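A short worksheet on the structure shown next.
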Amino acid sequence: MKHQAGHDTTTPLNEDEKLLHSMGYAQELARRMSGFSNFAISFSIICILAGGITAFPAALSAGGGASVGIGWIVGSMFVLLVAAAMAQIASAYPTAGGLYHWSSILGGRGYGWTTAWFNLLGLIFVVASVNFGVYDPFFKTLIAPLLGIDPASLTWTHQTLFIAAITLSQAWLNHQGIKATTRLTDLSGYLIFFVSLVLTVSLLIYAPGPLDFTRLFTFTNFTGAEGSLWPQNSSPLLVFLSGLLLTVYTLTGYDASAHTSEETRHAAINVPKGIMLAVLWSALFGYILVSVFVLALPNIADGVKQGMGVFSALLSLLPRGLQVALGIGVFVVNYICGLACLTSTSRMVYAFARDGGLPFSHQLKQVHPQHRTPGAAIWVSAVLAIAATLYGDAFIVLSTASAVLLYISYVLPIAAGFFAEGKHWAHKGPFNLYSWSRPVAVLATIGGVVLAFVGIQPPNEKVLYITVALLIVLGFFWFVLGVRNRFKGPPVGARIAQHQAHIREIEKELERP
């Protein structure tokens, strides 16, 4: 006899499956990820060698060295608060498409539906921006010359074909099963550390002059200067906040640990751990890396003039052979980052479709019988990501919009949790902030709003337009076209009490010697 969602009811359920069943879902995806693999997929998406490199000019050309040396610390504190609040909710409700599910349970189905669209669009933009970055600067600037290709000869058509090929290859790997993906993301975790270490040490060794650590705390307003990404701004506070874009874009995507909850063993414990460790280690290694970028520059003002080419200028300080090796290493890490991003996006599509939230939901929620992956969701996510890159000068808009939309989707369930705590959210998972829960929720909400605010500052007005347009479209579909009458949301209500009972059983098991 088969369960309606595909589980063989003659097989005893383990604790993860019991917990998932208590939330109204059967175990359809293959639960093969270890705690390390859950951490590694978020660590791979955060990828300090992707965001830390591509967004570095945004910080440098805002407040100079201080936007890196001080800004990274301030931004990381905000991110850690958001991550801690998310980890607590993830421990209580470890499901694929986590943020949508959390918002629905804690804030209502309309609130969850809105969160789902912000999270989904943000994830599609993440895949698009990362793979855009795989092409430019990493392939176009670093790899193409090694192959004898003149970067100036590469056109929009070359760009589109390259990004499409990269994205479709990532979709194929994802389709093969979570085991294949986790092998690569596990490898990426080690590779990020190794390449970052070699790059950091190399830049310190070949730095052209004595290291001036005061650079990291010296604020200089470079907005409006030659090469700066920011228009002239006379407000020191706004200039400093603009520099936080480096941290906002780099330290994002850790919701991947939540999206792969149904493929992670001991999810109520390992998912929140994966979220927190991915952010902590990325914040630490990332700070060292971007600080060394500042210290190794021959001159800060000249670095600002380089604009988006500042990383290439830094690499030019190194011997040719070392440049090649590091260039290839960074390229590979960024490819795996895009692979992990697509994994996260496809699980969100699958989870939302499972509850009827998307057009063609019946097709998108199907799981491949052999690979146990959401095949249609993977390929549709890939095609949508490719479509998002067709706008020729897409990187800045895509990268900034992805960070803004994701942080809005992070803040929504956290804010709902603040009001639901002690009411219909009466019992939490193994990861519990206890008396710090509400203060952290407040600070995380404020921090998330500040980080989102950074992303809509000029010249990123298009991100604000995208956000406002999304809200208008969602309102139109929900109220005018009657989605609120058709969309039922995730199975909640009576199942929540059963779910909380299973959480208590897990905690009792953990307390036993």
Side-chain angles (χ1 to χ4, degrees), residues 42 45-46 51 55 58 71-90 93 98-104 106-107 111-112 114-123 125-126 237-238 240-259 272 275-276 278-280 282-283 286 344 348 399-421 425 431 433 436-457 460 463-464 466-468 470-471 474:
S42 282
I45 291 179
I46 292 174
W72 184 277
I73 296 173
V74 173
S76 295
M77 290 174 64
F78 280 145
V79 173
L80 282 166
L81 288 167
V82 173
M86 282 176 55
Q88 179 177 238
I89 305 175
Y93 307 110
L99 293 97
Y100 144 71
H101 198 198
W102 308 339
S103 286
S104 298
L106 301 174
Y111 193 78
T114 303
T115 302
W117 281 106
F118 271 97
N119 190 237
L120 182 55
L121 191 58
L123 288 169
F125 281 5
V126 164
L237 177 60
L238 288 178
F240 180 77
L241 289 177
S242 296
L244 293 181
L245 183 61
L246 168 63
T247 318
V248 176
Y249 178 59
T250 305
L251 300 183
T252 193
Y254 44 89
D255 52 322
S257 289
H259 290 309
I275 292 172
M276 292 303 298
V279 173
L280 281 167
S282 297
S344 184
M348 174 59 204
S399 59
T400 309
S402 68
V404 170
L405 295 174
L406 285 180
Y407 269 97
I408 291 174
S409 73
Y410 295 173
V411 164
L412 287 173
I414 293 171
F418 174 84
F419 292 104
E421 190 164 336
W425 186 25
F431 184 89
L433 296 175
W436 285 98
S437 179
R438 283 195 160 184
V440 167
V442 171
L443 293 173
T445 301
I446 294 171
V449 170
V450 169
L451 295 177
F453 173 77
V454 167
I456 61 174
Q457 297 308 297
N460 295 320
V463 177
L464 176 60
I466 291 171
T467 305
V468 172
L470 178 59
L471 285 171
L474 291 180

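Residues take their numbers from the sequence shown, with the count starting at 1. For clarity, every value in this text was computed on a predicted model and none was experimentally measured.
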Residues two or more places apart in sequence or in another chain: which of them pass side chain to side chain donor-acceptor pair (under 3.5 Å) with [X]?
X      : result
Thr252 : none
Trp72  : Ser76
Ser103 : Thr115
Ser409 : Asn119

If every non-hydrogen atom of [X] is compared with every non-hydrogen atom of [Y], which pair is closest and at what distance?
X      : Y      : value
Gly253 : Tyr410 : N-OH, 3.1 Å
Leu80  : Met276 : O-CE, 4.4 Å
Pro272 : Ala87  : CB-O, 3.4 Å
Tyr100 : Gly112 : CD1-O, 3.4 Å
Pro413 : Ile89  : O-CD1, 3.7 Å

Quick one: pull up [atom1] in [X] and [atom2] in [Y] and give me the separation to the nearest 0.5 Å.
X      : Y      : atom1 : atom2 : value
Leu406 : Phe125 : CG    : CZ    : 10.5 Å
Leu237 : Phe240 : CG    : CZ    : 8.5 Å
Thr250 : Leu244 : OG1   : CG    : 11.5 Å
Ser402 : Ile466 : OG    : CD1   : 10.0 Å
Thr400 : Leu245 : OG1   : CG    : 5.0 Å

Before giving the answer on side chain to side chain contact (heavy atoms under 4.5 Å, CB included), spell out for Val82 and Ile414 the whole-Å C-alpha distance, their side-chain angles and the decisive distance to 0.1 Å. CA-CA 8 Å; Val82 173; Ile414 293 171; 3.9 Å; yes

With heavy-atom distances below 4.5 Å as the criterion, would you say the side chains of [X] and [Y] are in contact?
X      : Y      : value
Leu99  : His259 : yes
Ile45  : Asp255 : no
Phe453 : Val248 : no

Could you go through residues 438-452 and list every donor-acceptor pair under 3.5 Å that involves a side-chain atom there, pairing it with any protein atom two or more places apart or in another chain?
from   : atom 1 : to     : atom 2 : distance (Å)
Arg438 : NE     : Phe418 : O      : 3.2
Arg438 : NH2    : Phe418 : O      : 3.1
Arg438 : NH2    : Glu421 : O      : 3.2
Thr445 : OG1    : Ala441 : O      : 2.7

Parallel, tilted or perpendicular: which describes the rings of Tyr407 and Tyr254, with under 30° parallel and over 60° perpendicular? perpendicular

Hey, is the main chain of [Y] close enough, under 3.5 Å, to the side chain of [X] for a donor-acceptor pair?
X      : Y      : answer
Ser282 : Val279 : no
Trp117 : Leu470 : no
Gln88  : Ala84  : no

Could you walk me through whether Trp425 and Trp102 satisfy the side chain to side chain contact (heavy atoms under 4.5 Å, CB included) test, starting with their C-alpha distance in whole Å, then the side-chain angles of each, then the deciding distance to 0.1 Å, before giving a yes or no? CA-CA 10 Å; Trp425 186 25; Trp102 308 339; over 6 Å; no

Could you list the residues that satisfy side-chain contact (heavy atoms from CB on, under 4.5 Å) with Thr114, not counting sequence neighbours? Phe118, Leu474

